[in-house]
Chemist: 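I have a structure here, written as structure tokens, and I will follow up with some questions on it.
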Amino acid sequence: MTNQELADLIFPNTNKTIDDYEKIYPKRNLTAGAKVVRMAPSPTGFVHMGSLLPALLNRKLATDTKGIFYVRIEDTDGKRSVLNGITGIIKDLNDFDIKTDEGILNEEQEIGQYGPYIQSKRKEIYETYAKYLISIGYAYPCFCTEEKITTIRKQQEKNKERIGYYGKYAKCRDLTNEQRAKKIINGEKYIIRLKSPGDFNKKIILNDLVCGKIEMPENDLDIVLIKSDGLPIYHFAHVIDDHLMRTTLVMRGQEWISSTPIHMQLFKILGFNIPQYAHNGLIAKIDENGCKRKLSKRKDPEAAVSYYKELGIPVYAVKLYLMTIANSNFEMWLDNNKDKTYDDYKFDFKKMSSSGSIFDLDKLLNISKNYISRLKASDVYSKTLNWAKQFDFEFYQLLTTTKEYSTAIYNIERQQKKPRKDFSCYKEIKNQTWYMYKELFTKKAYQNINTKQNIDIIYDYINNYYNDFDTKEIWYNKLKKLAKNNNYAEEVKEYKENYEQYKGHVGDICELIRLIITTQAKTPDLYEILKLLGKEEIKRRLDLYSTI
RNA sequence: GGCCCGUUGGUGAAAUGGUUAACACGUUGCCCUCUCAAGGCAAUAUUUAUGGGUUCGAACCCCAUACGGGUCACCA
């Protein structure tokens with residue numbers, strides 16, 4: 001029995017050949033140097049931090065080289081799929097402004113000439129290639145049961161040998177085609193395995209764009225190509241899809257390095273060009289025990305990109321942060337090119353560290369803080385509104401009715417060369433500005449102030465000095481006058497030199513006003529705050545305070 | 001355990017054989033100041049995991065050791 005006859009027995013229903021597929025998915029007509037790259041997530045419902053980084057870089061690479069960035073869904077494993085899992089992924093990508101040129105758009109739609117872009121819809125393609133491999137003697141049906149494989153593994157562990165289906169352990173490798181056909185006809189269950197031509201003692205070289213030259217043993221494992229559910233294993237699907245979709249560069253995490261020999265071998269056997277590989281370092285964290293480990297979907301909430309959305313960290317800040325991880329010189333570049341943005345930066349693999357990095361939330365928040373500080377007050381307003389709409393509805397309602405007022409709050413100390421930097425994310429804003437809203441400022445606000453202050457001097461101030469329309473200079477001069485009339489020093493220095501002559505200094509009065517009017521010990525510029533609140537509201541708060 | 005990769009301060013890291021090991025975040029101190037934030041100015045690795053070697057000269061090249069990470073599925 002020939003290999004071809006066996007192949008026909010196993011896959012009787014394929015009606016295309018591998019040559020047909022070469023014609024259906026022709027080489028792309030792109031300018032020289034254009035990169036065809038992809039993001040290939042499983043439909044898990046959300047994007048992981050570890051895949052956001054390559055997604056961002058791939059998008060950039062495609063844009064910079066006038067190439068193509070596409071999204072392909074890898075759903076060959078049911079366990080990884082979630083109902084409507086694609087929607088969540090596309091949503092996260094949209095949030096990060098990662099546009100796809102081609103591929104999946106949502107649960108139902110896709111665009112592009114190289115589809116389908118969902119692996120489960122490409123079953124016949126994989127079958128055709130598996131059939132081809134059988135026909136040329138590079139694949140075979142394997143009838144080993146799971147128990148049998150487990151037994152083999154245990155024996156290998158016991159003998160301290162390499163684990164896997166290879167050499168003498170590859171029981172089904174040397175069956176005759178007649179034996180195979182007989183078992184199939186008898187209804188025995190089987191999967192399709194690669195008949196690996198590799199030699200573990202020979203080396204292959206991977207020229208990785210990030211890690212440089214890596215020498216590894218050839219693959220000699222007869223890995224599974226097609227599972228018992230009829231769908232391909234990742235390795236097989238990766239090679240076929242990335243060839244047929246004419247991918248030129250594959251960027252993925254370093255956890256894939258060790259299986260690259262398998263991929264290179266498959267590309268070679270199938271006569272495909274091997275794409276460039278770039279294995280980026282993994283993003284890790286230090287866990288409770290002080291151990292470094294890769295960010296995990298299950299254990300670490302910060303692994304999901306939606307976590308940053310909930311905190312209200314601007315998308316742009318996350319991008320900047322990830323780029324500082326990706327290219328160490330990015331921060332400096334941005335510092336030296338203040339008029340430029342993330343989009344102007346040319347990403348460079350040479351500047352990409354091959355070691356994994358620890359995720360640094362402080363750094364992210366700092367970048368975010370700087371970014372928010374450079375926004376216009378009206379933008380802070382609209383972005384905070386946008387955030388609150390999803391995550392704090394009560395605040396959202398308050399914001400919608402106080403557009404002008406809230407914008408004015410965000411404008412405090414913003415119109416200066418070095419704007420105030422105190423919002424590191426949108427979620428923080430309510431906590432830092434609540435006392436500016438009369439709607440939120442009730443008697444309850446004072447519950448944390450335990451010592452009752454004498455506020456006669458502040459009544460005096462409000463009734464006899466304060467005016468909403470004073471300039472800052474006049475405002476401050478009045479305060480000094482108030483200080484003088486009440487035996488407080490007009491200058492802090494003067495007080496420090498002759499403190500025994502005074503009850504305090506002008507700063508003490510400011511502090512008292514601040515405390516009574518806002519309940520806070522620290523606030524932005526007091527002049528701005530009083531002016532925004534207005535005399536009437538200030539009086540209301542004084543009266544409120546008197547009653548406690 | 002096999003195979004890969006990595007190791008520069010609390011974090012991200014620069015420096016790819018040549019003066020005092022950049023810069024940013026963090027931390028600490030001082031200044032400014034009505035409080036904060038910001039800003040300004042300092043301090044923060046007696047030395048690049050450790051040990052050996054090559055060299056006039058090593059963070060950088062070589063070897064060994066230690067530690068960390070990844071991977072070894074009919075997961076991706």
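Lettering of chains follows the sequences in order, A, B, ..., and the numbering in each one begins at 1.
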Chemist: Please state the P separation for the pair A14(B) and C61(B) - nearest whole angstrom.
Modeler: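 Straight-line distance between the two P atoms is 14 Å.
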Chemist: Among A24(B), C36(B), U35(B), which is the nearest nucleotide to the side chain of Arg420(A)?
Modeler: C36(B)
Chemist: If you check every side-chain atom of Trp256(A), which of A76(B), C75(B), U35(B) has the closest atom?
Modeler: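 Among the listed nucleotides, the one closest to the side chain of Trp256(A) is A76(B).
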Chemist: Among C4(B), A38(B), C25(B), which is the nearest nucleotide to the side chain of Pro217(A)?
Modeler: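 Given the options C4(B), A38(B), C25(B), the side chain of Pro217(A) is closest to C4(B).
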Chemist: Take Ile257(A) and Glu511(A), find for each the nucleotide of RNA chain B with the closest heavy atom, and name the residue whose nucleotide sits nearer the 5' end.
Modeler: Ile257(A)
Chemist: Please measure how far the P atom in U28(B) lies from the corresponding atom in A66(B), and state the result in whole Å.
Modeler: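 Straight-line distance between the two P atoms is 39 Å.
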Chemist: How many whole angstroms separate atom CG of Leu365(A) from atom P of U27(B)?
Modeler: 12 Å
Chemist: Does the side chain of Asn366(A) get closer than 4.0 angstrom to OP1 or OP2 of A24(B) through an N or O atom?
Modeler: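 Indeed not, no polar side-chain atom of Asn366(A) lies that close.
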Chemist: What does Ser259(A) touch in the nucleic acid at a heavy-atom separation under 4.0 angstrom: a base, only the sugar-phosphate, or nothing?
Modeler: nothing
Chemist: Please state whether the phosphate of A76(B), meaning OP1 or OP2, lies under 4.0 angstrom from any side-chain nitrogen or oxygen of Arg252(A).
Modeler: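 For A76(B), OP1/OP2 do not have a side-chain N/O of Arg252(A) under 4.0 Å.
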Chemist: Using the P atom as the reference point in each nucleotide, state the distance between A43(B) and C56(B) in Å, no decimals.
Modeler: 37 Å
Chemist: Look at the side chain of Arg80(A) and decide which nucleotide, out of C75(B), G70(B), U35(B), has an atom nearest to it.
Modeler: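 So the side chain of Arg80(A) is nearest to C75(B).
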Chemist: Both distances under 3.5 Å, Watson-Crick or G-U wobble: report the partner of C61(B), or none.
Modeler: G53(B)
Chemist: Checking all strands, does Ile214(A) fall into the base, sugar-phosphate, or nothing category for heavy-atom contacts under 4.0 angstrom?
Modeler: sugar-phosphate
Chemist: How far does the C1' atom of C30(B) sit from the matching atom of A45(B), given to the nearest Å?
Modeler: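 One C1' to the other, the span is 23 Å.
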Chemist: Mark yes or no: Lys131(A) above the aromatic ring of Phe11(A), with NZ or CZ under 6.0 Å from the six-membered ring centre and no more than 45 degrees from the axis.
Modeler: no
Chemist: Nearest 0.5 angstrom please: Leu56(A) CG to Leu322(A) CG, how far?
Modeler: 6.0 Å
Chemist: In whole Å, measure the gap between the P atoms of G9(B) and A21(B) for me.
Modeler: 15 Å
Chemist: Contact between Asp77(A) and Ser42(A) at the side-chain level, heavy atoms closer than 4.5 Å - yes or no?
Modeler: no
Chemist: Quick check on RNA chain B: between Gly164(A) and Cys211(A), whose nearest nucleotide comes earlier from the 5' end?
Modeler: Cys211(A)
Chemist: What does C32(B) pair with, Watson-Crick or G-U, if both distances are under 3.5 Å?
Modeler: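 Pairing partner: none.
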Chemist: How close or far is atom P of G6(B) from atom CE of Met216(A), stated in whole angstroms?
Modeler: 12 Å
Chemist: Just checking Val506(A): base, sugar-phosphate only, or nothing, at a heavy-atom cut-off of under 4.0 Å?
Modeler: nothing
Chemist: Hey, does Ser42(A) reach any base, or is it just sugar-phosphate, or nothing, if we go heavy atoms under 4.0 Å?
Modeler: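 Sugar-phosphate contact only.
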Chemist: Taking the side chain of His235(A) as its heavy atoms from C-beta onward, which of C74(B), A76(B), C36(B) lies nearest to it?
Modeler: A76(B)
Chemist: In whole Å, what separates the C1' atom of U55(B) from that of A49(B)?
Modeler: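 It works out to 23 Å between them.
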Chemist: Once you apply a heavy-atom cut-off of 4.0 Å, does Lys203(A) come out as touching a base, just sugar-phosphate, or nothing?
Modeler: sugar-phosphate
Chemist: Could you identify the nucleotide paired to A45(B), looking across every strand shown and requiring Watson-Crick or G-U wobble geometry with both distances under 3.5 Å?
Modeler: none
Chemist: For Arg414(A), which contact category applies under a 4.0 Å heavy-atom criterion: base, sugar-phosphate, or nothing?
Modeler: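 No contact at all - Arg414(A) keeps every heavy atom at 4.0 Å or more from the nucleic acid.
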Chemist: Just the rounded figure in Å: distance from C1' of A73(B) to CZ of Arg153(A).
Modeler: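 In whole Å, A73(B) C1' and Arg153(A) CZ are 7 Å from each other.
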Chemist: When the C1' atoms of A38(B) and G6(B) are considered, how many whole Å apart are they?
Modeler: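 Pairwise C1' distance, A38(B) against G6(B), rounds to 39 Å.
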Chemist: Can you tell me whether the side chain of Ser228(A) and the base of C74(B) have a donor-acceptor pair closer than 3.5 Å?
Modeler: yes
Chemist: For a quick check of understanding: with a heavy-atom distance under 4.0 Å over all strands, which category does Asp525(A) fall into, base, sugar-phosphate or nothing?
Modeler: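 The answer is base, as Asp525(A) lies within the cut-off (heavy atoms under 4.0 Å) of a base atom.
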Chemist: Is the centre of the Tyr488(A) ring less than 6.0 Å from the centre of the Tyr502(A) ring?
Modeler: no
Chemist: What is the separation between atom CD1 on Ile163(A) and atom C1' on C3(B), rounded to the nearest whole Å?
Modeler: 12 Å
Chemist: What is the minimum heavy-atom distance between Glu413(A) and Pro524(A), and which atoms define it?
Modeler: OE2-CB, 3.3 Å
Chemist: Taking pairing as Watson-Crick or G-U wobble with both contacts under 3.5 Å, can you name the mate of C72(B), or confirm there isn't one?
Modeler: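 Base-paired to G1(B).
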Chemist: Can you measure Lys522(A) atom NZ to A38(B) atom C1' for me and round it to whole angstrom units?
Modeler: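 Computing the Lys522(A):NZ to A38(B):C1' distance gives 14 Å.
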Chemist: Given the side-chain rings of Tyr169(A) and Tyr166(A), with only the six-membered ring counted for Trp, is the space between their centroids under 6.0 Å?
Modeler: yes
Chemist: Check whether any side-chain nitrogen or oxygen of Lys227(A) sits under 4.0 Å from OP1 or OP2 of A76(B), and answer yes or no.
Modeler: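 Answer yes for this pair, as a side-chain N or O of Lys227(A) is under 4.0 Å from OP1 or OP2.
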Chemist: Would you indicate, yes or no, if C25(B) has its OP1 or OP2 atom less than 4.0 angstrom from a side-chain nitrogen or oxygen of Thr324(A)?
Modeler: no
Chemist: Can a side chain N or O of Lys421(A) be found less than 4.0 Å away from OP1 or OP2 on C36(B)?
Modeler: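 False: Lys421(A) side-chain N/O out of range (4.0 Å or more) of C36(B) OP1/OP2.
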Chemist: A38(B) C1' sits how many Å from Tyr410(A) OH, rounded?
Modeler: 19 Å
Chemist: Determine which nucleotide pairs with C67(B), using a 3.5 Å limit on both distances of a Watson-Crick or G-U wobble pair.
Modeler: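 For C67(B), the partner nucleotide comes out as G6(B), under the 3.5 Å rule.
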Chemist: Any side-chain heavy atom of Tyr466(A) sitting closer than 4.5 Å to one from Lys531(A)?
Modeler: yes
Chemist: Check the pair Asp525(A), Lys472(A) against salt bridge (charged side-chain N to carboxylate O under 4.0 Å, His left out), reporting the backbone distance first and the verdict last.
Modeler: CA-CA 10 Å; Asp525(A) 192 86; Lys472(A) 187 163 184 184; 2.6 Å; yes
Chemist: May I ask you to verify whether the side chain of Arg514(A) and the base of C36(B) hold a donor-acceptor pair under 3.5 Å?
Modeler: no
Chemist: Under 4.0 Å, heavy atoms only, any strand: does Glu215(A) hit a base, just the sugar-phosphate, or nothing?
Modeler: sugar-phosphate
Chemist: Closest to the Val224(A) side chain: A38(B), U35(B), C74(B)?
Modeler: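 Ranking A38(B), U35(B), C74(B) by closest atom to the Val224(A) side chain puts C74(B) first.
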Chemist: Suppose you measure atom P in G1(B) against the same atom in U48(B); what distance do you get, rounded to whole Å?
Modeler: 29 Å
Chemist: Could you list all the side chain to side chain donor-acceptor pair (under 3.5 Å) pairs where at least one residue sits in residues 196-223 of chain A, not counting sequence neighbours?
Modeler: Tyr140(A)-Asp222(A), Arg162(A)-Asp220(A), Arg173(A)-Asp222(A), Ser196(A)-Gln265(A), Asp208(A)-His279(A), Asn219(A)-Gln265(A)
Chemist: Which is true for Pro419(A) with a 4.0 Å heavy-atom rule: it touches a base, it touches only sugar-phosphate, or it touches nothing?
Modeler: sugar-phosphate
Chemist: Where the side chain of Asp77(A) is concerned, which of G2(B), C4(B), C75(B) is the nearest nucleotide?
Modeler: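 For the Asp77(A) side chain, the nearest candidate turns out to be C75(B).
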Chemist: Taking atom C1' of C34(B) as reference, at what distance in whole Å does atom OH of Tyr476(A) sit?
Modeler: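 Distance check: Tyr476(A) OH to C34(B) C1' gives 5 Å.
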Chemist: Taking Asp508(A) first and then Lys503(A), would you say they form a salt bridge - that is, a charged N and a carboxylate O separated by under 4.0 Å?
Modeler: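 Between Lys503(A) and Asp508(A) there is no salt bridge, as every charged N stays at least 4.0 Å from the carboxylate O atoms.
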Chemist: State whether the distance check finds a donor on one side and an acceptor on the other, under 3.5 Å, for side chain Arg162(A) versus base C72(B).
Modeler: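 Counting by modelled atom types and ignoring angles, no donor-acceptor contact under 3.5 Å is found here.
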Chemist: With both distances under 3.5 Å as the test, what is the Watson-Crick or G-U wobble partner of G12(B)?
Modeler: C23(B)
Chemist: Find the distance Met323(A):CE to G12(B):P and express it as a whole number of Å.
Modeler: 18 Å
